[in-house]
Amino acid sequence: GAVVSQHPSRVICKSGTSVKIECRSLDFQATTMFWYRQFPKQSLMLMATSNEGSKATYEQGVEKDKFLINHASLTLSTLTVTSAHPEDSSFYICSAIQRAIGQETQYFGPGTRLLVL
Amino acid sequence: AQTVTQSQPEMSVQEAETVTLSCTYDTSESDYYLFWYKQPPSRQMILVIRQEAYKQQNATENRFSVNFQKAAKSFSLKISDSQLGDAAMYFCAYLSNFGNEKLTFGTGTRLTIIP
């Protein structure tokens with residue numbers, strides 16, 4: 001299957017700092033990427049849809065000024081957690097859609113574990 | 001809105017045996033996709049199998065197969081000859097063929113393989 005990378009895999013930061021997470025589709029172009037958050041022992045919670053060349057679409061309850069998303073190219077989307085606080089500590093996962101005739105599949109990155117002290 | 005239900009929070013199976021994970025969904029649409037994703041302890045989400053709703057034939061990928069019952073809105077996953085590496089959380093997911101391309105996930109089933 002297609003490959004999606006995420007960087008960094010793990011980050012620890014102090015409260016009040018900003019953290020940037022990168023999501024790349026390595027062997028295909030993705031006009032649409034998604035950002036999820038996953039709490040322990042729970043399913044994935046969609047935060048936002050990242051669209052290349054346009055503004056991201058945020059799910060209800062997700063602060064767009066807190067979680068800045070930029071999709072500057074067909075292979076890269078970034079999520080910046082601004083002024084991070086301990087409650088932002090979580091596992092963040094991105095995915096990218098690979099489209100082929102008659103098939104559309106989301107492939108996921110390996111995730112980023114964020115710990116805010 | 002679509003919903004996906006996985007009624008088994010945990011399942012266990014003896015190594016080399018067969019196990020079936022249940023998934024039901026609710027939708028008014030006729031054209032959609034269904035997926036099973038696996039999340040091992042590494043937390044990497046891995047696509048296990050996909051099914052197009054317009055196909056009557058059940059999808060199969062090696063030891064993994066599905067029983068897709070469109071009228072009953074059921075999409076179960078069968079794992080044959082279970083291996084230790086199959087231990088993971090398994091998520092069932094729905095994707096509409098119309099519009100927003102968002103996956104709707106079930107709550108997951110944790111599968112334990114007993115040696």
Side-chain angles (χ1 to χ4, degrees), chain A residues 1-10 23 26 28 30-52 54 56-60 62 71 77 90-114, chain B residues 1-10 21 23 25 29 31-55 57 59 61-62 64 87-112:
Chain A
V3 178
V4 176
S5 71
Q6 252 181 271
H7 178 79
S9 59
R10 183 174 298 191
C23 177
L26 297 185
F28 65 101
T31 56
T32 303
M33 294 184 175
F34 298 91
W35 287 95
Y36 296 86
R37 185 171 178 175
Q38 187 178 32
F39 294 100
K41 299 185 179 181
Q42 293 189 23
S43 188
L44 279 67
M45 181 187 78
L46 180 65
M47 298 174 65
T49 303
S50 173
N51 302 296
E52 188 268 335
S54 65
T57 305
Y58 291 82
E59 295 300 299
Q60 192 172 9
V62 178
H71 195 149
S77 175
S90 192
F91 191 68
Y92 293 88
I93 307 176
C94 72
S95 71
I97 291 183
Q98 183 186 48
R99 294 187 179 88
I101 295 175
Q103 285 201 4
E104 180 176 300
T105 303
Q106 273 193 44
Y107 292 96
F108 288 82
T112 297
R113 189 180 303 276
L114 171 63
Chain B
Q2 296 81 25
T3 59
V4 177
T5 302
Q6 292 179 251
S7 59
Q8 305 155 316
E10 296 184 354
L21 307 184
C23 173
Y25 57 96
E29 298 174 341
D31 195 9
Y32 48 87
Y33 303 92
L34 295 164
F35 303 87
W36 279 97
Y37 283 93
K38 166 186 177 181
Q39 189 179 38
S42 68
R43 303 189 77 172
Q44 166 78 64
M45 293 284 284
I46 301 167
L47 177 65
V48 175
I49 201 164
R50 61 176 285 139
Q51 175 80 42
E52 289 84 359
Y54 65 85
K55 290 185 177 179
Q57 188 173 8
E61 288 287 341
N62 301 312
F64 298 88
M89 280 289 286
Y90 286 82
F91 293 99
C92 179
Y94 173 103
L95 176 66
S96 171
N97 199 28
F98 305 99
N100 61 27
E101 301 176 305
K102 298 177 187 177
L103 281 173
T104 301
F105 284 98
T107 51
T109 297
R110 181 171 300 280
L111 178 65
T112 301

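Letters A, B, ... mirror the listed sequences (proteins, then strands); counts begin at 1.
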Testing the basics here: between [X] and [Y], what is the closest heavy-atom pair and its distance to 0.1 Å?
{"X": "B:Glu101", "Y": "A:Phe34", "value": "O-CZ, 3.1 Å"}
{"X": "A:Ile93", "Y": "B:Arg43", "value": "CD1-O, 4.4 Å"}
{"X": "B:Gly106", "Y": "A:Ser43", "value": "O-OG, 2.9 Å"}

Can you say whether [X] sits under 4.5 Å from chain A via the side chain, the backbone, both, or neither, judging by heavy atoms?
{"X": "B:Leu47", "answer": "side chain"}
{"X": "B:Gln6", "answer": "neither"}
{"X": "B:Leu95", "answer": "side chain"}

Next on the checklist: Using a 3.5 Å distance criterion without hydrogens, assess whether the side chain of B:Gln44 forms a donor-acceptor pair with backbone atoms of A:Phe108.
Outcome noted: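 Between the backbone of A:Phe108 and the side chain of B:Gln44 there is a qualifying donor-acceptor contact (under 3.5 Å).
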With a 4.5 angstrom heavy-atom cut-off, could you sort out which part of [X] is near chain B: side chain, backbone, both or neither?
{"X": "A:Gln6", "value": "neither"}
{"X": "A:Gln42", "value": "backbone"}
{"X": "A:Ser95", "value": "neither"}

Checklist entry - Are A:Thr105 and B:Phe35 close enough, and set up right, to give a side-chain contact (heavy atoms from CB on, under 4.5 Å), and what steps lead you there? => result CA-CA 9 Å; A:Thr105 303; B:Phe35 303 87; 4.2 Å; yes
Next on the checklist: Just so I know, are the side chains of A:Gln38 and B:Met45 near enough to count as touching, which here means a heavy-atom distance under 4.5 Å?
Outcome noted: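 Heavy-atom side-chain distance check fails, nothing below 4.5 Å.
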Item to check | Any B:Phe105 side-chain heavy atom under 4.5 Å of A:Leu46 side chain | outcome: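 No, too far: nothing below the 4.5 Å cut-off.
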